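What follows is one structure encoded as structure tokens, with my remarks underneath.
Below, all heavy atoms of this structure are taken into account, side chains as well, without hydrogens, waters or symmetry copies. Values in this document were obtained by computation on a predicted structure and should not be read as measured data.
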2 protein chains.
Amino acid sequence: MRIEDEIKQAHFQDEHQKAIINLIYTSGWLQLRQACAFKRFALTSPQFNILRILRGQHPQPATVALLIERMLDKTSNASRIVDRLEEKKLVTRTVCPSNRRAVDIRITPAGLALLDQIEESGVMQAAAHASLSEAEARQLNDLLDKMRDTD
Amino acid sequence: MRIEDEIKQAHFQDEHQKAIINLIYTSGWLQLRQACAFKRFALTSPQFNILRILRGQHPQPATVALLIERMLDKTSNASRIVDRLEEKKLVTRTVCPSNRRAVDIRITPAGLALLDQIEESGVMQAAAHASLSEAEARQLNDLLDKMRDTD
DNA sequence: TGCAAATATATGTACGTACATTTAATGTCG
DNA sequence: CGACATTAAATGTACGTACATATATTTGCA
């Protein structure tokens, strides 16, 4: 369905304006699908992303600073997302011995098992599936990269 | 800058996976720019969007249901966004006489003046500016519309 | 008429985001 | 050494989102 019909707005100033609305709308649509997929595992998308970053580091620990660097959303509050993962025993927090200001965050066996379970379930593929060909996906990547070329 | 470098992730499963990350990242990047632009007017993006919808209806009122229908984010809580606009005297709420369950929401002269001021300031153009040609923007719109074709 | 279902909005709760401030540990330089 | 800046994380506050539930009004139908 075209964006005009999705949001019941017949006219846009120009194609750029429309692309921006379309982009934000489509991103929301995707994120809703992802959130939906994670819900049966009692995880949110940011929680899932942090678990994946921690698995990437495992068995090394990560600091909050490293999580922020790797997260899509730089300004999100990693500290509080880790709070929730810690409550669920999916990660541990220990004071870093070599720098007692920092905190070593590690994924637990339960966290690793949960990631495996999610990946086996195939919900990722379902949520990520989009009706684009390989070439179209590549084209989309190029356009998005170019779009951000203003800095 | 390419998405690989933006989020310091060298590899993606495939071009689709990358496009999804890229899309969500680019949408966040755009929304941050928009939020920044509105901040000097003490408005958030959802508040601005609701004001625009109300101007579109003006001098007719809108109901909460109409706002939700027109908003990008269908599940957002229009009622509470209207609360904040009402506190700022940018909109009024009155019980709809013909259907006392519904609420007539109207933009005030102050709300109209604020929209004018924002548009005169040119921040919209600045936030919306993207380095895509007209043809590229159209291509992007087509790809995004196609991407959502799964329902 | 009267009562249940449907409708319109508001409210509650958990979570995330944006940004400012606080707390604690470390580095630095006189 | 000791004051001061810097760094790492946590905390506070306002706002938005997602979803469940509550409240009030209207509608429909026995």
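Taking only side-chain nitrogens and oxygens, A:T44 comes nearer than 4.0 Å to OP1 or OP2 of C:dG16. An OP1 or OP2 oxygen of C:dA10 is reached within less than 4.0 angstrom by a side-chain nitrogen or oxygen of B:R93. Note on A:R80: every side-chain N or O is 4.0 Å or more away from OP1 and OP2 of D:dG12. Listed pair B:K39 / C:dA18 fails the phosphate criterion, with no side-chain N or O lying under 4.0 Å from OP1 or OP2. The shortest distance between the side-chain N/O atoms of B:Q31 and the OP1/OP2 oxygens of D:dG16 is not below 4.0 Å.
Looking at the side chain of A:D73, the nearest of the listed nucleotides C:dA18, D:dA18, D:dT17 is C:dA18. Between D:dG16, C:dT9, C:dT17, one nucleotide has an atom nearer to the side chain of B:V103 than all others, and that is C:dT9. Minimum atom distance to the side chain of B:A65 is reached by C:dT9, of the listed C:dT17, C:dT9, D:dA8.
Checking side-chain atoms of B:N49 against main-chain N and O of B:S45 turns up a donor-acceptor pair under 3.5 Å.
The separation between B:E86 atom CD and C:dT9 atom P is 14 Å, rounded to whole Å. Rounding to whole angstrom units, CG of residue B:D83 and C1' of D:dC15 are separated by 12 Å. One interatomic measurement links the two molecules: CG of B:L43 to P of C:dA18, which rounds to 17 Å at whole-angstrom precision. Atom CG of B:N49 is separated from atom C1' of D:dG16 by 13 Å (rounded to the nearest Å). Distance CH2 (B:W29) to P (C:dA18): 15 Å, rounded to an integer number of Å. Rounded to a whole Å, the CG atom of B:N77 is 15 Å from the C1' atom of D:dA14. Taking atom CG of A:N99 as the reference point, atom C1' of D:dT6 lies 12 Å away to the nearest angstrom. The CZ-C1' distance, from B:R84 to C:dA10, rounds to 13 Å in whole Å.
Between B:P97 and B:I81, the one whose closest nucleotide on DNA chain D sits nearer the 5' end is B:I81. Where B:P46 and B:R100 each meet DNA chain D at their nearest nucleotide, the meeting point lying more 5' is that of B:P46.
Salt bridge B:E119/B:R55: present, at least one basic N to carboxylate O contact under 4.0 Å.
One cannot find a donor-acceptor pair under 3.5 Å joining the base of C:dT9 and the side-chain atoms of B:R101.
Nucleic acid contact class of A:T63 (heavy atoms, under 4.0 Å, all strands): sugar-phosphate only.
Considering CD1 of A:I81 and CD1 of A:I50, their distance stands at 4.5 Å, rounded to 0.5 Å.
Side chains of B:Q13 and B:K18: a donor-acceptor N/O pair is absent below 3.5 angstrom, by distance only.
B:L114 places a side-chain heavy atom less than 4.5 Å from the side chain of B:L90.
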